Amino acid sequence: MKMNRRGFLAAAGLGALPGLAGGADLAKMIVRSPNPQDLEMSPDGFQAWITPLDRFFVRCHTYVPERADLATWKLKLDGVVNQPLALSMDDLKKLPRVELVSVAECAGNGRSFYQPHVAGTQWALGSVGNGRWTGVRFRDVLAKAGLKDSAKHILLDGTDVPLGTMPKFQRTITVEKALDPDTLLAYQMNGEELPQEHGFPLRVIAPGWASDSWVKWLTHAEVLDHEFEGFWMKTAYRHPKGPVQPGATVDPSEMIPVTDLNVKSVIATPAAGSIKSGRVRISGAAWSNGSPVTRVDVSANGGETWKAARLAKDRSRYAWRLWSYDWTASDGKYTLMARATNSAGQSQPLEQAWNPSGYLWNAVERVEVEVSGKEIISLYTDEPAAAQQQPQGYQAACLTCHDEGMMRQQHLTPAQWDREVNKMTGWGAKIKPEDREAILKYLSDSFSQ
Ligand SMILES: Nc1nc2c(c(=O)[nH]1)N[C@H]1C(S)=C(S)[C@@H](COP(=O)(O)O)O[C@H]1N2
Ligand SMILES: [Mo]
C-alpha cells in the first residue's frame, strides 16, 4: 500500500483526494496533512450546534481505505462469546435504531499549544465536531452473540491498511463502556450515510470518550478476557496518572489509557485581532465527558472578573452547548476568556498540566482583541520556510508516505527528532546509515522548537 512520489503528488492536489466525496470540503478545512488525512475545523465552526459534514474534522493514521461493497460486507463478532457472528448491514438494521448527538474530539486536540512542544499532528482548536449519529446499540449486537463471564475488553478493527511496517490501528474499549446504552455502532452521520473518511459503512461511537476509541471502517470486534498489548493501546493514547515536569520522560508504569474528555469551551467569536467598538457578541461552544456543561463564565479583562454566559437551549448529555455573552466594548486592548463547568463541578484550568503526548488540552482559552472606533483589517502572511537544501537520501527515506507538511508543523528538539526518525525507521522508512546524520541535522535545523 505504498505510494510512489508521483502518486503522492497527484493525491495531494487540492480537491483530488481519495475518499472525500460527500465529506470534508478542503477549502473550508485547515489541512494539517493531506494524506494521511488530518483536517481541522476552523474556529467559526463553533457557531453551529451540529457540525456540517463538509467541515467536520478528519483524523486518519493511514490512508482512507477503499469503499466497502455492502453486498459482501460483514461485521464479524467473536472471541469470548457464546455464538460467534457475522452480520450484514441488513442484519444490523433489524436491531432498534438509535440516534444521539455527541461531540467527537481527538485526544490530541490542542497539542500545538503545549510547551515544550511534543511530536504529533499539531492541532489547534478544531479536531473536534458535534455530530448526529444514527445506528444500533453496541450492547444489542453483543447480546446476539452472548458475552461470556470472562469478557473484559473489546478489540476493534477497521479495514484501513497500515503503511510500511507501522503497527495496525487497533483499539479496545472496556466491556463496561461497550454495554453502555449510549455506545453505538453508527451507520449514519447527520442523517446521511457515513462519509468514507468518517468510517463508511460502520463506526464505533463511544460518547464522552476521546474519539480515538471511535474506530472507523469497523469489520471486526473481538471480545477479550485480557488487556490488549498492541501499540495503539500500550504505547499510544496513554497519559500520566499524576502531574509530571514539563518535558519529562514518564515511566510506562505511570501511564494510563486516555478515556474521558475534559470539560472545555472554545471562543468562536470574536476572532483575535481588531474589532469595532460597541456591542460585541462573545460566543462559542462548550462540552464535557457526559457530565453536562452547566455554566460558562466569560471574562473580558484577562480573568479579573467573570460574568455568566447565556447557554443555548439545545442540549444532550454528550453534545456541545452553544453559549454567548453580549459585551459592550470601548477602545482598548482586552483579553477575552471563557471557562466551562460541568454538572460534576469540574471546570477548566487556567494553566494546563503538561503530558508527554500532548493529550486532552483544556486550559481556558485567551483571545487578544484590540477595540477601536474604526474597523481595521489586518493581513497575516506565513513566515517563509527556511530555505534549507534537502539532504541526500531524504526524499527516498521520508517523503514516500507523507509530505513535508508533516515535519513542518512540528517544533522539536534534536533529541525529539532523533526519536521520530527511529519511530519512522521502525515503520519502514529506508534511511541509509551514511545519510542519517545529515537528515537529522536538516530536520533539527529546519523544524526546531
Ligand atoms: N480505523 C480507524 N479508526 C479511527 C482512526 C483511524 O486512523 N483508523 N482514527 C481515530 C482517531 S485518532 C480519531 S480522533 C477519530 C477521528 O474521527 P473522524 O475522522 O471521523 O473525525 O477516528 C478514530 N478512528
Ligand atoms: Mo485522535
Side-chain angles (χ1 to χ4, degrees), residues 1 17 19-20 22-24 26 29-41 45 50-68 75 102-112 120-123 126-133 135 155-163 166-173 184-190 192-207 209-221 230-233 235-239 257-259 261 357-361 401-402 427:
M1 253 301 284
L17 287 179
L20 277 180
L26 277 191
M29 308 298 293
I30 304 167
V31 179
R32 298 289 173 202
S33 166
N35 206 19
Q37 281 175 29
D38 290 327
L39 312 177
E40 178 168 338
M41 185 185 78
I50 298 289
T51 312
L53 296 183
D54 62 355
R55 357 195 12 172
F56 209 97
F57 88 99
V58 178
R59 168 75 176 113
C60 297
H61 290 275
T62 179
Y63 303 155
V64 171
E66 301 257 304
R67 193 181 158 85
L75 171 67
S102 174
V103 161
E105 184 181 22
C106 178
N109 196 23
R111 178 178 290 122
S112 65
T121 309
Q122 296 297 301
W123 304 108
S127 62
V128 58
N130 196 38
R132 187 186 299 279
W133 311 96
L155 177 60
L156 304 161
D157 229 335
T159 54
D160 44 340
V161 183
L163 290 168
M166 79 189 278
K168 180 156 178 39
F169 183 79
Q170 290 174 304
R171 298 275 299 158
T172 65
I173 60 173
L184 308 185
L185 302 182
Y187 45 73
Q188 281 186 2
M189 183 176 179
N190 296 358
E192 291 183 44
E193 180 178 83
L194 208 52
Q196 183 63 18
E197 69 268 37
H198 294 296
F200 175 87
L202 193 72
R203 80 174 303 173
V204 174
I205 305 297
W209 281 21
S211 51
D212 319 281
S213 301
W214 300 31
V215 172
K216 304 191 273 192
W217 311 292
L218 184 73
T219 50
H220 188 194
F231 173 84
W232 300 102
M233 289 307 298
T235 306
Y237 299 118
R238 287 189 168 239
H239 62 160
V258 168
T259 56
L261 293 175
S357 297
Y359 292 136
L360 297 175
W361 177 275
C401 298
H402 52 73
W427 285 9

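Both ligands and their constituent atoms are indexed starting at 1 by order of listing. Owing to the predicted nature of the structure, the values given are computational and were not obtained by experimental measurement.
Between W217 and the choices V64, L202, L194, D157, the side chain to side chain contact (heavy atoms under 4.5 Å, CB included) rule is met once, by V64.
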**Request:** In sequence, state the C-alpha distance, the side-chain angles, and the governing distance for R67 and E197, and then conclude on salt bridge (Lys or Arg N to Asp or Glu O under 4.0 Å).
**Result:** CA-CA 9 Å; R67 193 181 158 85; E197 69 268 37; over 6 Å; no

**Message:** Under the criterion side-chain hydrogen bond (donor to acceptor under 3.5 Å, both in side chains), I'd like the reasoning laid out for T51 against N130: C-alpha separation, chi angles, the key distance, then a yes or no.
**Reply:** CA-CA 5 Å; T51 312; N130 196 38; 6.0 Å; no

List, for ligand 1, each N/O atom that has a protein N/O partner under 3.5 Å away, with both atom names and the distance.
unit_1: ligand 1; atom_1: 1 (N); unit_2: D160; atom_2: OD1; d: 3.0
unit_1: ligand 1; atom_1: 1 (N); unit_2: D160; atom_2: OD2; d: 3.3
unit_1: ligand 1; atom_1: 1 (N); unit_2: K216; atom_2: O; d: 3.1
unit_1: ligand 1; atom_1: 3 (N); unit_2: K216; atom_2: N; d: 2.9
unit_1: ligand 1; atom_1: 7 (O); unit_2: H61; atom_2: N; d: 2.9
unit_1: ligand 1; atom_1: 8 (N); unit_2: D160; atom_2: OD2; d: 2.6
unit_1: ligand 1; atom_1: 9 (N); unit_2: R59; atom_2: O; d: 3.3
unit_1: ligand 1; atom_1: 17 (O); unit_2: R203; atom_2: NH2; d: 3.1
unit_1: ligand 1; atom_1: 19 (O); unit_2: R59; atom_2: N; d: 3.0
unit_1: ligand 1; atom_1: 19 (O); unit_2: K216; atom_2: NZ; d: 2.6
unit_1: ligand 1; atom_1: 20 (O); unit_2: H198; atom_2: ND1; d: 2.6
unit_1: ligand 1; atom_1: 20 (O); unit_2: R203; atom_2: NH1; d: 2.7
unit_1: ligand 1; atom_1: 21 (O); unit_2: F57; atom_2: O; d: 2.7
unit_1: ligand 1; atom_1: 22 (O); unit_2: R203; atom_2: NH2; d: 3.4
unit_1: ligand 1; atom_1: 24 (N); unit_2: W214; atom_2: O; d: 3.1

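A pairwise comparison of heavy atoms in R59 and Y237 identifies NH2-OH, 4.4 Å as the closest pair. The shortest heavy-atom contact between F57 and S211 is CZ-OG, 3.7 Å.
Taking the centre of each ring, F169 and H61 come in below the 6.0 Å mark.
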